[in-house]
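Just below is one structure, and these are the notes that go with it.
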Amino acid sequence: MQQPSIPKGTRDFSPEEMAKRNYIFGTIKRVFQLFGFRQIETPAIENLSTLMGKYGEEGDKLLFKILNSGDFAGAVDTAEWNAQNSNKITAKIAEKGLRYDLTVPFARYVVQHRDQITFPFKRYQIQPVWRADRPQKGRYREFYQCDADVVGSDSLLNEVELLQVVDEVFRRLQIAVTIKLNNRKILSGIAQIIGAEENIIDITVAIDKLDKIGLDNVNAELATKGITQAAIDQLQPILLLQGDNAEKLAQLKMALAASPIGLQGISELETIFEWLKPLSIQNKVELDLTLARGLNYYTGAIIEVKANDVQIGSISGGGRYDNLTGVFGLENVSGVGVSFGADRIYDVLLQLNAFPETVSENTAVLFLNFGLQEQAIALTLLNTIRQTGINAEIYPEATKIKKQMNYANQKNIPWVVILGENEINQGVVTLKNMQSGEQKVVSHEQLIEYIV
RNA sequence: GUGGCUGUAGCUCAGUUGGUUAGAGUAGUGGAUUGUGGUUCCAUUGGUCGUGGGUUCAAAUCCCAUCUGCCACCCCA
C-alpha cells in the first residue's frame, strides 16, 4: 500500500505544535483586542474577479484556482483548447479561487457591508491563506496570517498605533525585531525627480535589492530596465543616505525639494516618528528606503518587520492603501493595516528556543484505573476537579500500572492520582508528583489544594 | 515559473568496485517487576531502499522520468 501524503507546502500540526501555535495566536489576538480591533472571518474561497489583478502579475500566477463544478470542459470550444492559451481557458473554467491574503477579501467585505459598518472600522482576522509558490524554509503554500486593519480614517495616528501593536506583539513573544518603515510617496517622489515616473515599479523592485546584491548590481538592473544614465546618476545620493532617521529625512527633503508628493511622504514619516517618540517603543524603528514591497496596492506608509537573530524572510508587514475599496466601488475610504506571519513566527520562536514552558494545554492530573469499583469513585472526584477548571483525565483501561504511569510520563502529566483498594478502604488517595517522584497520601478534600 | 542538491525502519543514520537473506542507535511492543513512569537488563514487531520505468545473469548502488524536502532566483508572511 502506498503511504498517504499531503500536498507540497502544506503541513499537519500535532497536539504539541498546536499548543505552541495557539500561544502565538493568543498573544496576537490579545494585543489586537487591547487596541480596539474586533474579529471577523471571510470564506476561504472568493470569486476570482475579487482576487485577480490586486497582487500584480506575479500574484495572479500564484493564485490557486478552483475548477468550476459540473462539465467545465464544455465551456471551452475546440479552437480555444487548441490555441493553448492558459489564461483564456482558465477564465472560462474557473471562477473561484483560494484567498491569497486577508487584505483584499477585507476590502471586499467592507464594500459589501458598508451599510452595517460604522467607520472608522477596526477589524482583525486570523485565517489561512494560500499561494501556489514553490515552498522553501519559512515559505509554505498554506499559511496563517493575522491581520489588523483600520479603514475609513486618514489619520497617521493609525499608523502609529499599528506600530505599537507590532512592537507589543513581539515584546510579548520575546522576539527582538527591527521594524522597517518607508513611504510609497517617497518612492514616487524619487521616480518623479529623476524623470522616470512610468518605471516606478522597476525602480522600487531594483532598489529593494540594494542590501542583497549591492549598489553596482542595482544600477546595472536599472539600466537594463531602460532607466537613463542621467537618472541613475541622480539616484545615487538617495541610495547612499547615511545617518539616523532624522538625518536621512533631512537629506531626503533637500533631494526631493522639487517633488510635492515626495515631500508629503517625508512629512508623513516625520509625523509618525514624532508621535512615536514618547511611546517607549522597545524595538528599533528605522527608515529604510530600500523597502518597497511587491504588493502594488500600497500608497502611503510601508512597514516590514525582520527578526534580528534569525535568518528568515519578513515575519510581519503592512502599510496604507488608499484605493483598495475603490476597485470594488467604494471610493475615498483609506485603509491601513499590518499582517503577522504566524508560521514564520513559529519557526523563529523554535529557533530561538523562546516558547515558554507553560504553553502546554496539557492534562494536569491523571487518575490511574484500577478496575470498576475504583473507577466509580475516581469519576466523581474527577468531576469535582474539572469543575474547578483543572484539566484532568482517567486512564480508560484497567491495564498494568506501569503502562498507565508511562502514559502519564509520555504525555508530560505532572500529577498522578493513585486510587486503589488500599486508598478506598482508608477514604484517601495517593497523589504522586511525576517530576519529583514524591507521593503523598491526602484526603479527597485536600486533593485539589495540592494540585493548585 | 527558472536553475541546483536531496530521499534507506516512526525518527537519526550505516550499507565496500553493482554480488546471496539490507544493518545500527533510538522510539514502539512484550517480559524481568500481577500497586508505580522517566535509569538498567532480556526478547521482539517493523523496510517491494520515495514512486514508476530502463540497463544487467544480478540494482539501495548505474541511467531516465516523476513526486517530496531543501537552496538560489523570482516573489513574499
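Each chain gets a letter, A, B and so on, in the order its sequence line appears, and its residues count up from 1.
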Does one side chain, of N183(A) or Y298(A), offer a donor that lies under 3.5 Å from an acceptor on the other? no
Sugar-phosphate, base or nothing in reach of E423(A), heavy atoms under 4.0 Å: base
Can you check whether any acceptor in the base of U36(B) is under 3.5 Å from a donor in the side chain of Q439(A), or vice versa? yes
Please measure how far the P atom in G4(B) lies from the corresponding atom in A65(B), and state the result in whole Å. 11 Å
Using a 4.0 Å cut-off on protein heavy atoms (strictly under), produce a 5'-to-3' string for nucleotides 39-44 of chain B with B for base contact, S for backbone-only sugar-phosphate contact, and - for none. ------
Under 4.0 Å, heavy atoms only, any strand: does D343(A) hit a base, just the sugar-phosphate, or nothing? nothing
Counting only distance, no hydrogens or angles, is the base of G69(B) paired donor-acceptor with the side chain of R134(A) under 3.5 Å? no
Nearest to the side chain of N409(A), heavy atoms from C-beta on, is which of G37(B), G28(B), A77(B)? G37(B)
Is there a donor in the side chain of Y100(A) and an acceptor in the side chain of D60(A), or the other way round, less than 3.5 Å apart? no
Output the single nucleotide from U36(B), C70(B), C75(B) whose closest atom is nearest the side chain of I418(A). U36(B)
Choosing from A77(B), U36(B), G35(B), which nucleotide comes nearest the side chain of M405(A)? U36(B)
Is there a donor and acceptor pair, one atom on the side chain of K432(A) and one on the base of U36(B), closer than 3.5 Å? yes
C1' atoms of A59(B) and C42(B), separation to the nearest Å: 38 Å
Side chain of R139(A), heavy atoms from C-beta onward: which of G37(B), U36(B), A77(B) has the nearest atom to it? A77(B)
Within the stacking criterion (centroid distance below 5.5 Å, interplanar angle below 30°), does F340(A) stack on A77(B)? no
Using a heavy-atom cut-off of 4.0 Å across all strands, would you classify G59(A) as base, sugar-phosphate, or nothing? nothing
Donor-acceptor side-chain pairing of Q351(A) and Y346(A) below 3.5 angstrom: no
Please determine, by modelled atom types, if T290(A) and D288(A) share a side-chain donor-acceptor pair under 3.5 angstrom. yes
D147(A)-S339(A) side chain donor-acceptor pair, cut-off 3.5 Å: yes
C1' gap between C74(B) and G54(B), integer Å: 36 Å
Consider side chain to side chain donor-acceptor pair (under 3.5 Å). Of D149(A), T103(A), T42(A), which one does Q125(A) pass it with? T42(A)
Would you classify G313(A) as touching base, sugar-phosphate or nothing, given that sugar-phosphate means primed atoms plus P, OP1 and OP2, and contacts are heavy atoms under 4.0 Å? nothing
